[in-house]
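Both ligands and their constituent atoms are indexed starting at 1 by order of listing. Positions are given from 1 along the sequence.
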Amino acid sequence: MLGSVVLLWLFILLLFFFIRVRRPKNFPPGPRPLPILGNLLQLHPVNPLKDLEGLKRRYGNVFSLYIGSRPAVVLNGLEVVREALVTRAAEYAGRPTHMMVSHLFKGKGIVMANYGSSWRDHRRFALTTLRNFGLGKRSMEERILEEVSHICTELESSAGGSMDPQHLFHLAASNIICSLIFGERFEYDDPVILTLIQRLEEFTKEALGPWAMLYEIIPVLRPLPLPFRNVFHKFDKMKEHIKKVVTKHKHSRVAGEPRDLLDCYLDQIDKTADGGSTFNDAQMVSLLLDLFIAGTDTTSNTLRSAMQYLMTNQHVQDRCHREIAEVLEGRADASFEDRHRMSDTVPLSVFHTTCSNTQINSYQLPQGTVVIPNLSSVLHEEGQWKFPHEFNPENFLNEVGEFVKPEAFLPFSAGSRVCLGEGLARMELFLVLVTLLRRYRFVWPEDGGVPDFSLIFGGTQSPKPYRLGVRLRSSKELPTVSTREI
Ligand code: HEM
């Protein structure tokens, strides 16, 4: 018996060390993969960004690694990311179908939909609806400002003290997207939204975590009751909520008089009911889930990172406060953008796949290759930024102190899959920060310990929990010139 176990282990060891996984011909170089596991043991299970940086130094800006038995190509730095996503946009616009998130969304909606007519129809629909609709009688700006006033009410109750901003910013970002797509916002103590937000926060971390990797690379594990089942459970619960909202809307809507994006979608189904259309109930639920998920964690984590940098850089905060009067007249603020760069919210973008055989530099990539645009590498690339690794508004100012947006500022990615919510997110970040900085001074609480700027890795990265010290500014401190009251 012992002999057979030893033999089995020897066999497994031989398999690992002598079977060579062969890269396709003329494929980008990379570390040698093991059978079944690929290069997973060379990547930190909790945060692989440093390991990717090391591989880039060793193999160059285009390298490959194996996620299980599947090769993936990692693109680093502005030049190759732009060549793939912009110059060769159509060749690189696919999405993987084998990942856990692909199985959750089943290729529906926008984010995980493959490049094709359904993705195109839904992307166009969502973009034009969010843009033109201005949403009903109320503009997007009005909806955001309404939410900002609720944030202020919450902060008011902590003035002189401190509070944990995590839930507040998540609730606010989620309410803004809910107001646009479902026409409703929740009170901050409503158990429905609190539960949804908690599920969402866990979902975005777990859906790309170590268990999700195991799910992807060892399919026989999938039916087992392992922790990745929780991700499916959380997803189903969020989906259930959306379905309830859809049912309510169907009963209360007046056709042709849309109140929100959901009503617009129902009108669209009516218009295209005569067949051949990609608009249907299942796609609608996935689209709403996409927008809810993609629009909450991202904006909220960016805001929380921004606040952390502001609290610990009082001189920058004071300067922003002084300059807000000018900002309101239209002058873009370099420090807002550099905080956004440092928050590095979606470090590895959403993974792409190649839609046809293609190339990058002198390498050949077969159709269906997974492509990982390392946006983090672009946002901190030496040679593209004056201070690539530190928060410094100078990164966005030219020699004469004017605002410039470097080409390497790609937090929303680029090309045909570029973030659909960029306009909304920018407006949210701007209106929230400007309003809050006018009214409050934010300080690092005395008992807050040493600030830790390292980010918690995930599909979206977030800052470590911290407390926000809130101080009301006196009326004398308010900027005297402003073109618009918020
Ligand atoms: C600071 C906030 C945000 C950041 C940094 C961000 C970043 C990104 C990134 C990097 C991608 C992947 C692009 C690619 O595949 O190359 C993406 C996709 C997407 N984002 Fe955002 N996003 C933000 C806010 C939002 C908001 C508010 C919405 C909601 C309207 C949204 C909706 C989407 C959608 C639907 C996609 C998928 C686009 C497609 O596959 O065609 N995002 N975002």
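- By the 4.0 Å N-to-carboxylate-O rule, E337 lies close enough to R426 to be salt-bridged with it.
- Counted within 6.0 Å of NZ on K386, heavy atoms from surrounding residues, nucleotides or ligands total more than 12; the atom is thus considered enclosed.
- In this comparison of P411, P347, G109, the heavy atom closest to atom 5 (C) of ligand 1 sits on P411.
- Distances shorter than 4.0 angstrom do not occur between any heavy atom of R426 and any atom of ligand 1.
- Checking side-chain atoms of T312 against main-chain N and O of Y309 turns up a donor-acceptor pair under 3.5 Å.
- Considering backbone and side-chain N/O atoms, T345 never comes within less than 3.5 Å of an N/O atom of ligand 1.
- Looking at E187 and R185, a side-chain N of the basic residue comes within less than 4.0 Å of a carboxylate O on the acidic one, giving a salt bridge.
- Checking A294, A306, A173 against atom 32 (C) of ligand 1, the nearest heavy atom belongs to A294.
- Among protein heavy atoms, atom 27 (C) of ligand 1 sits closest to G295 CA, 3.5 Å.
- At the shortest separation from atom 24 (C) of ligand 1 among protein heavy atoms lies T298 OG1, 3.3 Å.
- Under 4.0 Å is where a charged nitrogen must lie from a carboxylate oxygen, and between K56 and E53 at least one such pair does.
- The nearest protein atom to atom 37 (C) of ligand 1, hydrogens excluded, is given as V111 CG2, 3.7 Å; this is a heavy-atom distance.
- The single protein non-hydrogen atom nearest to atom 20 (N) of ligand 1 is C419 SG, 3.2 Å, given as residue, atom name and distance.
- Residue, atom and distance of the protein heavy atom nearest to atom 30 (C) of ligand 1 are G421 CA, 3.7 Å.
- The nearest heavy-atom contact from the protein to atom 12 (C) of ligand 1 is S349 OG, 3.4 Å.
- Within 6.0 Å of NZ in K464 there are more than 12 heavy atoms belonging to other residues, nucleotides or ligands.
- Under 4.0 Å is where a charged nitrogen must lie from a carboxylate oxygen, and between R70 and E216 no such pair does.
- Not a single heavy atom of F351 sits less than 4.0 Å from an atom of ligand 1.
- The backbone N or O of P388 sits less than 3.5 Å from a side-chain atom of R341, completing a donor-acceptor pair.
- If you number the atoms of ligand 1 from 1 as listed, the ones under 4.0 Å from a heavy atom of L375 come out as 10 (C).
- For atom 16 (O) of ligand 1, the nearest protein heavy atom (residue, atom name, distance) is S413 OG, 2.6 Å.
- Listed by number with element, the atoms of ligand 1 under 4.0 angstrom from any heavy atom of T302 are 1 (C).
- When only interatomic distances are considered, the shortest N/O to N/O separation between H340 and ligand 1 does not fall below 3.5 Å.
- Near H352, meaning under 4.0 Å from one of its heavy atoms, ligand 1 places the atoms 14 (C), 15 (O), 16 (O).
- If you number the atoms of ligand 1 from 1 as listed, the ones under 4.0 Å from a heavy atom of A425 come out as 2 (C), 24 (C).
- Looking at heavy atoms from C-beta onward, T460 lies out of side-chain contact with S300 at the 4.5 angstrom threshold.
- No side-chain donor-acceptor contact under 3.5 Å links S349 and R417.
- Residue-to-ligand polar distances place R417 within reach of ligand 1: an N/O pair is separated by less than 3.5 Å.
- In this structure the side chain of H352 reaches within 4.5 angstrom of the side chain of P373, judged on heavy atoms.
- Inter-residue side-chain proximity for L85 and V371 is flagged as unmet; no heavy-atom pair is nearer than 4.5 Å.
- In summary, the atoms of ligand 1 found under 4.0 Å from a heavy atom of V350, numbered by their order in the structure, are 12 (C), 15 (O).
- Residue contacts with ligand 1, taken as heavy atom pairs separated by less than 4.0 Å, do not involve D290 at all.
- Only one option out of S64, P29, P28 pairs with Y59 in a side chain to side chain contact (heavy atoms under 4.5 Å, CB included); it is P29.
- Only the side chain of R123 comes within contact range of ligand 1, with a heavy atom under 4.0 Å; no backbone atom does.
- Any N or O atom pair closer than 3.5 Å counts here, and S416 shares no such pair with ligand 1.
- A salt bridge does not link R143 with D260: none of the charged nitrogens is closer than 4.0 Å to a carboxylate oxygen.
- For the pair R95 and ligand 1, a heavy-atom separation below 4.0 Å is found.
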